[in-house]
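First the structure, in the form of structure tokens, and then the observations on it.
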Amino acid sequence: MFMIDASAGFMKDGPKNRLRAQDIHKIVDCFTRRLEVPRYARLVGVDEIERNDFNLNLPRYIDSQTPEDVQDIAGHLQGGIPAADVDALAPYWAVCPQLRQTLFRPNRPGYLDLAPHLIENKAAIKTAIYEHPEFAAFIIGMQAHFAAWQGQSAAALKVLAAGCHPKEVIVRLSEGLLAHYQDKPLIDPYHIYQYLMDYWAETMQDDLYLIAADGWKAETYRVIETDKKGKHRDKGWTCDLIPKALIVARYYAKEQAASDRIAAELETVGARLAELEDEHGGEEGAFAELDKVNKVNVAVRLREIKNDKEAKDEAAVLDDWLKRNAEEADLKKRLKDAESALDVLAYARYAKLTEAEIKFLVVDDKWLAALAAAIHGEMDRVSQKLTRRVKELAERYETPKPQMAARVAELEARVDRHLERMGFAL
């Protein structure tokens with residue numbers, strides 16, 4: 001009998017547990033191919049079932065529980081990281097055999113220490129892993145691996161036309177991606193598959209149905225909202241297949257950078273204004289006489305104290321506020337003008353797009369760029385997982401119990417001496 005315990009594969013959705021696309025696919029793959037996966041699926045003989053009195057309770061045959069993180073008593077008493085815990089990270093050492101020697105040094109038989117240069121600076125563990133030549137080569141190799149699938153997929157997607165069948169497209173694409181990552185070290189191919197299926201549900205599915213209906217057309221339309229009184233309001237324009245951000249990033253990056261610089265200046269001036277108001281907003285502050293800090297009130301107050309020598313400091317603060325307020329207003333206008341000009345440029349660009357440009361924007365800049373970002377993020381999680389575990393082990397066995405007890409005794413003695421000097425001798 002073939003048994004599968006898929007109880008750990010799900011996504012929390014409020015009070016419910018829901019199967020994801022990767023969970024369903026893994027169950028089907030294991031069942032149809034009779035794949036034996038440790039702690040997940042195995043073929044059980046009738047003799048074993050008979051020994052269990054024909055009880056088919058899954059835990060009797062598959063231990064799907066996460067192995068307990070055992071505390072090593074000798075490590076706590078004498079110091080040293082148990083070699084067994086380091087050996088448990090074997091998948092990493094198989095890819096980066098020299099990385100283990102970079103991170104650890106021998107202590108005594110069966111135990112290791114963190115490398116000396118990492119003991120005092122555990123924050124450097126992440127850098128030591130991520131910048132290690134073997135791990136860097138692994139990352140580069142995985143990026144090249146994705147790039148190979150990306151190139152093939154981009155070519156296949158760009159030949160789609162009106163009348164294509166989106167469900168057939170995603171099946172071919174997702175199955176190809178899953179197969180592409182089979183047997184790759186440190187990477188769960190089903191996790192990679194899930195990234196694509198999530199993006200399919202969020203964005204790509206709607207895009208493909210647009211293409212299936214109308215072909216590669218990037219048409220803009222006005223966004224009209226109707227309020228409670230039935231009045232219509234024009235909220236601007238949009239394009240479902242190619243968002244404005246893609247047009248701007250591809251064709252008007254310089255204009256966007258200029259707008260971003262103005263926005264950054266505006267944020268700086270706004271922060272300075274808020275700082276002035278906070279610093280001088282108390283009962284004795286320069287803004288104490290104002291009901292509300294605004295341009296009119298500040299200007300009126302400044303005229304009132306213009307010839308008052310005792311209010312010189314107050315006048316200086318108010319004058320500084322007015323100058324920065326004027327600068328803020330000017331920057332807001334410049335930013336609005338820059339964004340409006342950029343909006344006009346982007347809107348006009350849609351009518352000039354060729355079909356080849358539309359395909360490139362949708363396939364390369366939108367679909368595959370989003371998937372690339374998600375999958376490359378998986379590489380970061382691989383390094384972070386190893387970093388967390390190495391740091392956890394180092395901190396767990398960093399201070400042996402005798403050393404800890406001696407430190408506690410030392411601190412107790414210091415406290416007793418302080419109490420004695422204060423007249424509270426025990």
Side-chain angles (χ1 to χ4, degrees), residues 1-77 81-95 110-111 167 170-171 174-198 200-201 374-375 378 381-382 384-386 388-393 396-397:
M1 180 179 290
F2 192 78
M3 295 187 175
I4 299 175
D5 186 349
S7 58
F10 62 87
M11 175 187 71
K12 284 296 285 185
D13 183 12
K16 298 180 180 179
N17 296 334
R18 296 191 183 279
L19 292 175
R20 299 162 294 182
Q22 66 169 340
D23 303 319
I24 296 170
H25 205 304
K26 187 174 181 179
I27 292 169
V28 173
D29 283 349
C30 285
F31 182 78
T32 56
R33 301 175 190 174
R34 293 296 189 267
L35 299 176
E36 296 202 51
V37 179
R39 301 184 179 280
Y40 187 82
R42 61 181 289 250
L43 188 63
V44 180
V46 176
D47 55 339
E48 185 176 350
I49 296 174
E50 186 176 0
R51 288 197 301 272
N52 282 287
D53 297 325
F54 298 96
N55 187 324
L56 297 180
N57 193 6
L58 279 175
R60 290 176 176 266
Y61 306 94
I62 301 174
D63 181 9
S64 62
Q65 299 299 313
T66 302
E68 184 181 356
D69 190 8
V70 179
Q71 300 281 338
D72 189 278
I73 301 301
H76 283 298
L77 292 176
I81 300 169
D85 284 328
V86 177
D87 292 341
L89 299 170
Y92 290 95
W93 315 140
V95 174
Y111 294 86
K167 289 185 178 180
I170 189 57
V171 168
S174 61
E175 291 300 323
L177 182 62
L178 182 63
H180 192 66
Y181 277 89
Q182 288 292 341
D183 301 322
K184 289 298 171 185
L186 304 180
I187 299 295
D188 186 336
Y190 291 98
H191 288 177
I192 303 298
Y193 170 83
Q194 187 64 43
Y195 288 131
L196 175 55
M197 299 310 295
D198 286 343
W200 167 257
I375 292 177
E378 184 70 16
R381 280 181 280 278
V382 167
Q384 290 166 7
K385 185 177 179 180
L386 178 59
R388 284 195 301 269
R389 183 55 176 168
V390 171
K391 186 177 180 182
E392 179 184 41
L393 291 172
R396 178 182 296 175
Y397 299 104

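The chain is numbered in sequence order, starting from 1. Model, not experiment: these values are computed from the prediction.
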query: Just by modelled atom types, is the Leu186 backbone N or O under 3.5 Å from a matching donor or acceptor in the Tyr92 side chain?
result: no
Side chain to side chain donor-acceptor pair (under 3.5 Å) filter on His180, not counting sequence neighbours, yields His145
Residues at least two apart in sequence or cross-chain that pass ring pair (Phe, Tyr, Trp, His ring centres under 6.0 Å) with Tyr61, listed by chain then number, are none
Residues at least two apart in sequence or cross-chain that pass salt bridge (charged side-chain N to carboxylate O under 4.0 Å, His left out) with Arg39, listed by chain then number, are Asp63
dist Leu56:CG -> Asn52:CG (nearest 0.5 Å) comes out at 9.0 Å
Applying side chain to side chain donor-acceptor pair (under 3.5 Å) to Lys12 and not counting sequence neighbours gives Asn17
Residues 64-75 vs side chain to side chain donor-acceptor pair (under 3.5 Å), sequence neighbours excluded, gives Asp5-Ser64, Asp69-Arg389, Asp69-Arg396, Gln71-His76, Asp72-Tyr111
When rounded to the nearest 0.5 Å, the distance separating CD of Glu36 from CD1 of Ile4 is 11.0 Å
Rounded to the nearest 0.5 Å, the CZ atom of Arg20 sits from the OH atom of Tyr193 at a distance of 12.0 Å
All heavy atoms of Gly9 vs all of Leu19, minimum pair found to be O-CD2, 3.4 Å
**Report entry** Heavy-atom check, side chain of Glu175 versus side chain of His25, under 4.5 Å
**Finding:** yes
What do the steps show when you test Leu177 against Tyr195 for side chain to side chain contact (heavy atoms under 4.5 Å, CB included), and what is the final call? CA-CA 10 Å; Leu177 182 62; Tyr195 288 131; over 6 Å; no
dist Trp93:CH2 -> Leu386:CG (nearest 0.5 Å) comes out at 5.0 Å
Contacts of Gln194 meeting side chain to side chain donor-acceptor pair (under 3.5 Å) (sequence neighbours excluded), chain-then-number -> Asp198
Check: For Met11, does the CE atom sit with more than 12 other heavy atoms under 6.0 Å from it, leaving out its own atoms?
Finding: yes
So CG of Leu43 and CZ of Phe2: to nearest 0.5 Å the spacing works out to 7.0 Å
Residue pairs meeting salt bridge (Lys or Arg N to Asp or Glu O under 4.0 Å), one or both in residues 45-58, sequence neighbours left out, come to Arg42-Glu48, Asp47-Arg51
Applied to residues 183-196, the salt bridge (Lys or Arg N to Asp or Glu O under 4.0 Å) test, sequence neighbours excluded, yields none
Residues Met197 and Ser174: closest non-hydrogen pair is SD-CB, 3.8 Å
When every non-hydrogen atom of Tyr397 is compared with those of Pro82, the smallest separation belongs to CE1-CD, 3.4 Å
Discussion item. Is there a side chain to side chain contact (heavy atoms under 4.5 Å, CB included) between Ile375 and Leu196? Walk through the geometry before answering.
Written reply: CA-CA 9 Å; Ile375 292 177; Leu196 175 55; over 6 Å; no
Applied to residues 27-56, the ring-ring contact (aromatic ring centres under 6.0 Å, His included) test, sequence neighbours excluded, yields none
Salt bridge (charged side-chain N to carboxylate O under 4.0 Å, His left out) filter on Asp87, not counting sequence neighbours, yields Arg100
Arg33 meets the salt bridge (charged side-chain N to carboxylate O under 4.0 Å, His left out) criterion, sequence neighbours left out, with Asp29
Sorted by chain and number, sequence neighbours left out, side chain to side chain donor-acceptor pair (under 3.5 Å) with Arg18 holds for Asp13
Rounded to the nearest 0.5 angstrom, the CD-CD1 distance for Glu378 and Ile187 is 5.0 Å
